[in-house]
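Beneath this line is the structure, given in structure tokens, with notes to follow.
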Amino acid sequence: MHKENIDGIFDQFLENTLIFSNKEVLRHSYTPDYLPHRKEQIENIASIVAPALKRETPSNILIFGKPGTGKTACVKFVGKELNEVASRKDVPCAFLYLNCEMVDTQYRVLANLVNHFGREVPMAGWPTDKVYVEFRECIEERAQAVIIVLDEIDKLVKRGGDDLLYNLSRMNADLQSAKLSIIGISNDLKFTSYLDSRTLSSLGREEIVFSPYDAEQLKDILKERAKIAFKKGVLSDGVIPLCAAFAAQEHGDARKALDLLRVSGELAEREKKGKIMEEHVKRGKEKIEIDGTMEVVKTLPAQSKIILYSVLLLNRSKKDGSSAGDVYSMYKKLCDVVGLDDLSYRRVADLISELDTLGLINAVLMSRGRYGRTREISLAVPSKTVEKAITGDERMRVLMNVSSKQHTL
DNA sequence: AATCCACAGGAAGCCCGGGAAC
DNA sequence: GTTCCCGGGCTTCCTGTGGATT
């Protein structure tokens with residue numbers, strides 16, 4: 001009897017998929033078999049990488065493009081094909097993918113690579129050069145052609161991993177039989193300015209740019225996925241164009257378009273509607289924005305939460321943006337209220353920059369002439385959402401009692 | 001033209017914890 | 001245990017700077 005009950009609970013969710021037939025297709029982890037409007041780039045990458053199959057060294061590649069322009073998907077696609085051909089023809093060839101957002105230091109990248117070949121290297125503890133030696137032995141041993149994909153390579157470089165790139169790009173010279181080449185993927189066009197010129201000339205032998213999708217192209221992408229993702233006839237006509245139009249506004253980000261389509265579907269499903277309407281897309285857009293900021297703010301470290309709350313309070317009492325100095329003195333007061341030690345100005349300045357890159361605040365460098373140079377800081381997301389997310393944290397609850405009037409400067 | 005504000009942001013170094021090796 | 005190495009968070013000290021005011 002109990003069992004029946006439990007089954008019943010899940011049946012409710014499993015059977016009621018009026019909308020989706022395969023939701024996975026709409027997630028970004030999914031690599032599709034067909035990438036509309038990227039034929040040129042795929043062929044380009046493939047032609048550069050192809051020498052690996054003839055036991056020659058492929059040139060290194062740098063790939064640039066805004067988020068959601070299909071860089072990762074294309075590279076992974078080529079990699080998959082390459083691995084297939086290589087194993088069919090019995091050519092020793094390895095195509096390794098690493099995301100430098102997670103694996104963001106020289107040591108960790110190397111350790112990851114070596115572990116990939118089945119040798120054990122601890123994730124900490126060894127001197128770096130020892131890991132280098134290990135890596136070289138790995139690939140020499142099998143006389144492999146190794147293609148390393150470093151996704152979000154700009155993150156690695158900004159955190160001081162440029163040594164790694166230098167060393168890797170130079171390594172080819174003293175390899176006996178193995179071949180090594182690197183594909184770097186970056187969102188940031190200017191990241192090359194952080195690189196040593198020798199590294200750059202080797203790494204950027206080939207450059208490929210992925211331009212943002214326009215609304216028409218996004219429509220094609222969405223249509224392609226929608227075929228697999230949804231049951232027949234659940235999409236009303238305006239849905240895909242609307243998703244595409246919203247995403248086109250946001251720099252042609254295909255991921256956002258897919259997210260929007262998925263969330264719209266989920267909304268429709270939750271309401272037990274058999275059809276996704278344009279209205280679902282509009283609400284879906286709001287939901288994504290709010291959920292996104294909630295999540296980001298909630299996971300912020302305590303110090304950053306206090307800084308963000310300072311910006312919020314200052315924004316409420318002033319019309320224009322506040323200076324970094326204002327934020328800091330407010331921050332110190334709030335630290336006192338919460339009962340946390342305050343950090344140095346220098347440190348807070350860095351945390352402010354982080355909040356800026358997260359898109360939670362806008363920090364614009366302004367020169368006020370005689371009155372100095374400072375960043376004018378304002379909130380970039382709805383203050384209600386931020387307030388809700390921060391005061392949801394037990395430790396921050398006392399901040400609810402602080403009104404902006406009490407603490408104007 | 002010189003001054004000078006209110007910071008920006010680089011460099012160096014400290015301290016800690018995680019982990020390996022001896 | 002002691003002694004290494006790595007990397008993150010943080011502080012201290014520092015030099016650099018756009019432009020309104022003098």
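Since the model is a prediction, treat every value here as computed from it, not as a measurement.
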Just the rounded figure in Å: distance from C1' of B:dC7 to CG of A:Asp350.
14 Å
Residue-phosphate contact under 4.0 Å: A:Trp126 side-chain N/O, B:dA21 OP1/OP2:
yes
Check the pair A:Asp342, A:Lys332 against side-chain contact (heavy atoms from CB on, under 4.5 Å), reporting the backbone distance first and the verdict last.
CA-CA 6 Å; A:Asp342 49 1; A:Lys332 278 186 128 175; 3.0 Å; yes
Minimum-distance nucleotide (side-chain atoms of A:Arg108 versus B:dG9, C:dG7, B:dG19)
C:dG7
Evaluate the side-chain proximity of A:Leu360 to A:Val386: yes if any heavy-atom separation is below 4.5 Å, no if none is.
no
Does the base of C:dG18 carry an N or O that pairs as donor and acceptor with the side chain of A:Arg368 under 3.5 Å?
no
Can a salt bridge be assigned to the pair A:Glu134 and A:Arg119 using a cut-off of 4.0 Å between side-chain N and carboxylate O?
yes
For the pair made of OH in A:Tyr371 and P in B:dA8, what is the distance, rounded to whole Å?
19 Å
Report the distance from atom OH of A:Tyr107 to atom C1' of B:dG18, rounded to the nearest whole Å.
11 Å
If we only count heavy atoms from C-beta on, is the A:Gln106 to A:Asn167 side-chain gap below 4.5 Å?
yes
OP1 or OP2 of B:dA8 versus the side-chain N and O atoms of A:Arg375: is any pair under 4.0 Å?
yes
Spacing between A:Glu376 atom CD and B:dA8 atom C1', to the nearest angstrom:
15 Å
With respect to the side chain of A:Arg346, which nucleotide from B:dG18, C:dA20, C:dC13 is positioned closest?
C:dC13
Report yes if a side-chain nitrogen or oxygen of A:Thr374 is closer than 4.0 Å to either non-bridging phosphate oxygen (OP1 or OP2) of B:dA6; otherwise report no.
no
Any side-chain to backbone donor/acceptor pair from A:Ser304 onto A:Leu300? Under 3.5 Å, distance only.
no
For A:Tyr30, does the six-membered ring have the charged nitrogen or CZ of A:Arg225 within the cation-pi criterion, i.e. under 6.0 angstrom from the centroid and within 45° of the normal?
no
Taking the minimum atom-to-atom distance to the side chain of A:Ala324, which one of C:dT21, B:dA8, B:dA20 wins?
B:dA8
Between B:dC7, C:dC5, B:dA21, which nucleotide gets closest to the side-chain atoms of A:Tyr345?
B:dC7
Considering the terminal five base pairs at each end of the helix from B:dA1-C:dT22 to B:dC22-C:dG1, what angle separates the two local helix axes, rounded to 10°?
20°
Could you tell me the separation between the CD atom of A:Glu120 and the P atom of B:dA20, rounded to a whole number of Å?
11 Å
A:Thr128 side chain N/O closer than 4.0 Å to the phosphate oxygens (OP1, OP2) of C:dC5?
no
When you measure only distances, ignoring hydrogens and angles, does the side chain of A:Ser367 come within 3.5 Å of the base of C:dG18 through a donor and an acceptor?
yes
Look at the side-chain N and O atoms of A:Lys130 and state whether any lies under 4.0 Å from the OP1 or OP2 oxygen of B:dA21.
yes
Around atom NZ of A:Lys80, are there more than 12 heavy atoms from other residues, nucleotides or ligands closer than 6.0 Å?
yes
Value in whole Å for how far the P atom of C:dG8 lies from CE of A:Met123:
12 Å
Any A:Leu203 side-chain heavy atom under 4.5 Å of A:Ile153 side chain:
yes
Select one nucleotide: of B:dA8, B:dA21, C:dG8, the one nearest the side-chain heavy atoms of A:Thr105.
C:dG8
Decide yes or no, distance alone: a donor-acceptor N/O pair under 3.5 angstrom between the base of C:dT17 and the side-chain of A:Arg373.
yes
DNA chain B contacts made by residues 298-311 of chain A, counting heavy atoms under 4.0 Å
none
Rounded to the Å, how far apart are A:Gln106 CD and C:dG7 P?
7 Å
Run A:Glu152 and A:Asp104 through side-chain contact (heavy atoms from CB on, under 4.5 Å) and show every step you take.
CA-CA 9 Å; A:Glu152 309 203 40; A:Asp104 59 356; over 6 Å; no
Using the side-chain heavy atoms of A:Arg370, tell me which of these nucleotides is nearest: C:dC6, B:dA8, B:dC4.
B:dC4
Can you confirm whether A:Phe64 sits close enough to A:Phe210 that some side-chain heavy atom of one is under 4.5 Å from a side-chain heavy atom of the other?
no
Among C:dC5, C:dG9, B:dA8, which is the nearest nucleotide to the side chain of A:Pro127?
C:dC5
Taking the side chain of A:Leu343 as its heavy atoms from C-beta onward, which of C:dG8, C:dT21, C:dC10 lies nearest to it?
C:dC10
When you look at A:Phe135 and A:Tyr132, which way does the ring pair (Phe, Tyr, Trp, His ring centres under 6.0 Å) test go after all the steps?
CA-CA 5 Å; A:Phe135 174 64; A:Tyr132 260 106; 7.6 Å; no
Take atom OH of A:Tyr328 and atom C1' of B:dA8, then tell me their distance rounded to the nearest Å.
15 Å
